[in-house]
Asks: 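Would you mind keeping the following structure in view while I ask a few things?
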Amino acid sequence: MAYIKMNYIEEIKRLKKEKNAIILTHCYQNIDLDEISDFVGDSFYLSKKAQETNADIIVFAGVSFMAQSAKLLNPDKKVLLPNLNSGCFMADMLDVEQLKEFKSKYPQMPVVCYINSTAEIKAECDICCTSSNALKVIKSLGAKEILFVPDTYLGKWVEKKLGNIKIHTYNGFCPTHLRIRPEDIDIARINYPNAKILAHPECHQSVSKKADFVGSTKEIMEFAIKSQNKEFVIATEKGVLDRLKRDCPEKKFHLIKEDIICKNMKWNSVEDIYFALLNERYEIKISEQIRKKAFECINNMMEACKQ
Ligand code: 13P
Ligand code: SF4
């Protein structure tokens, strides 16, 4: 019997048209997904694209909190996560009970959550932020003191940058970014003396302090593309490096060290996306009670970032 190999890419393109679907892809995902994606970027950029779309189906090639955020902004659309293994270690570090205990230590303070959190956590917070808008969002509150969950390092980075706001942080972190040590920056300076070092604010503050630029995944990519410099060391997940190498073949890029890879971000395959679209499977569901409260939290971020 003749074996016919399925052309997933062509089938996905056909299904997208047939079902009025779009694919949103985070820049840590496997780079082969870009060919079938409508938008590739950081978590804020993708949230904006999710909010703007007229599509009936959003396939989110990212991790679950990103797909949940798209669903919060689009309660009437179908949001699909192609592979259910796609969680986030940091988001899973904080549950509602832990949040309530943390809040009880600092009553009456605005509570800001990083978008890397579950819908249940967002439902208990005043506003959320991403790494690209954290400074703007936190400044917009006009508060002298706030609580920030779950990422302690993003919170500390914002506190240092703003200078006049006390930020009490929960002790969550990203295991992938914490693998980058300050001595890795020192070694990179010796090995690549002409390179600019670009880091994500989820890195430990001893790393961010030594970097030439700190920003979200998309901001790191934009910085490298626009810069006059010809060589860069990337201190974030490898997906950013892979895309920069592809998009700027005339420049040199190095990963700060081997294996800065978020395994959670690598589950979604072209095949998973095909089956997600075909069977409309792994739909994100959020109870109405949680959705209403979590929507307020994420919508407050979108409003704060309009100005
Ligand atoms: P960005 O907001 O920069 O896309 O970061 C999301 C993330 O999970 C980084 O680890
Ligand atoms: Fe979560 Fe870290 Fe992976 Fe980002 S890199 S999705 S914070 S585990």
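Both counts, for ligands and for their atoms, begin at 1 and track the order of listing.
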Asks: Heavy atoms only, cut-off 4.0 Å: how does N116 contact ligand 1, side chain, backbone, both, or neither?
Replies: side chain
Asks: Inspect the contact between K100 and E97 and indicate whether a charged nitrogen and a carboxylate oxygen are less than 4.0 angstrom apart.
Replies: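 Between K100 and E97 there is no salt bridge, as every charged N stays at least 4.0 Å from the carboxylate O atoms.
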Asks: Everything protein-side that's N, O or S and under 2.8 Å from atom 3 (Fe) of ligand 2: list it, residue and atom.
Replies: C262 SG
Asks: Could you list which atoms of ligand 1 come closer than 4.0 Å to a heavy atom of S216?
Replies: 3 (O)
Asks: Indicate whether the side chain of Q29 and that of N268 have a donor and an acceptor atom separated by less than 3.5 Å.
Replies: yes
Asks: When you check the gap from the basic side-chain N to the acidic O, do K77 and D56 get nearer than 4.0 Å?
Replies: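 No, this pair does not count.
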Asks: Could you tell me whether some N/O pair between H26 and ligand 1 is separated by less than 3.5 angstrom?
Replies: yes
Asks: Considering only the protein, which heavy-atom contact is closest to atom 2 (O) of ligand 1, and what is its distance?
Replies: S43 OG, 2.5 Å
Asks: Would you tell me whether H177 and T236 have side-chain atoms, one donor and one acceptor, within less than 3.5 Å of each other?
Replies: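 Result is yes, a qualifying pair exists.
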Asks: Using a strict 4.0 Å threshold on nitrogen-to-oxygen distance, state whether K196 and E231 make a salt bridge.
Replies: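 No, K196 and E231 are not salt-bridged.
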Asks: On the ring face of F39, is K49 found with NZ or CZ under 6.0 Å from the centre and within 45° of the axis?
Replies: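 The answer is yes; both the distance and angle limits are met.
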Asks: Which atoms of ligand 2 are found less than 4.0 Å from any heavy atom of E202?
Replies: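 Those atoms are 2 (Fe), 7 (S).
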Asks: List ligand 1 atoms under 4.0 Å from D42, heavy atoms only on the residue side.
Replies: 1 (P), 3 (O), 4 (O)
Asks: Any non-hydrogen side-chain atom of Y170 less than 4.5 Å from a side-chain atom of L94?
Replies: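 In short, these two side chains touch, coming nearer than 4.5 Å.
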Asks: Quick one: do K16 and D38 make a salt bridge, cutoff under 4.0 Å?
Replies: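 Yes.
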Asks: With heavy atoms only and a cut-off of under 4.0 Å, state how Y28 meets ligand 1: side chain, backbone, both or neither.
Replies: side chain
Asks: Against heavy atoms of S131, which atoms of ligand 1 measure under 4.0 Å?
Replies: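 Near S131, the atoms of ligand 1 are 1 (P), 2 (O), 3 (O).
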Asks: If you count the atoms of ligand 1 from 1 in the order shown, which ones are under 4.0 Å from a heavy atom of E202?
Replies: 7 (C), 8 (O), 9 (C), 10 (O)
Asks: Say whether E237 and ligand 1 are in contact under the criterion: heavy-atom distance to a ligand atom below 4.0 Å.
Replies: no
Asks: Do we get K245 above F253's six-membered ring, with its NZ or CZ under 6.0 Å from the centre and within 45° of the axis?
Replies: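 Checked: cation-pi criterion not met.
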Asks: Is the closest N or O pair between H200 and ligand 1 shorter than 3.5 Å?
Replies: yes
Asks: Establish, from distance only, whether the side-chain atoms of Y114 and E202 form a donor-acceptor pair under 3.5 Å.
Replies: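 Yes, side-chain donor-acceptor contact under 3.5 Å.
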Asks: For N133 and T130, work out which heavy atoms get closest and say how close.
Replies: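 Taking every non-hydrogen atom into account, OD1-N, 2.7 Å.
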Asks: Give a yes or no on whether a salt bridge exists between K48 and E52, defined as a side-chain N under 4.0 angstrom from a carboxylate O.
Replies: no
Asks: Could you tell me whether M90 approaches ligand 1 through its side chain, its backbone, both or neither, with non-hydrogen atoms closer than 4.0 Å?
Replies: neither
Asks: For ligand 1, is there an N or O atom under 3.5 Å from any N or O atom of T217?
Replies: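 Yes, there is a polar N/O contact under 3.5 Å.
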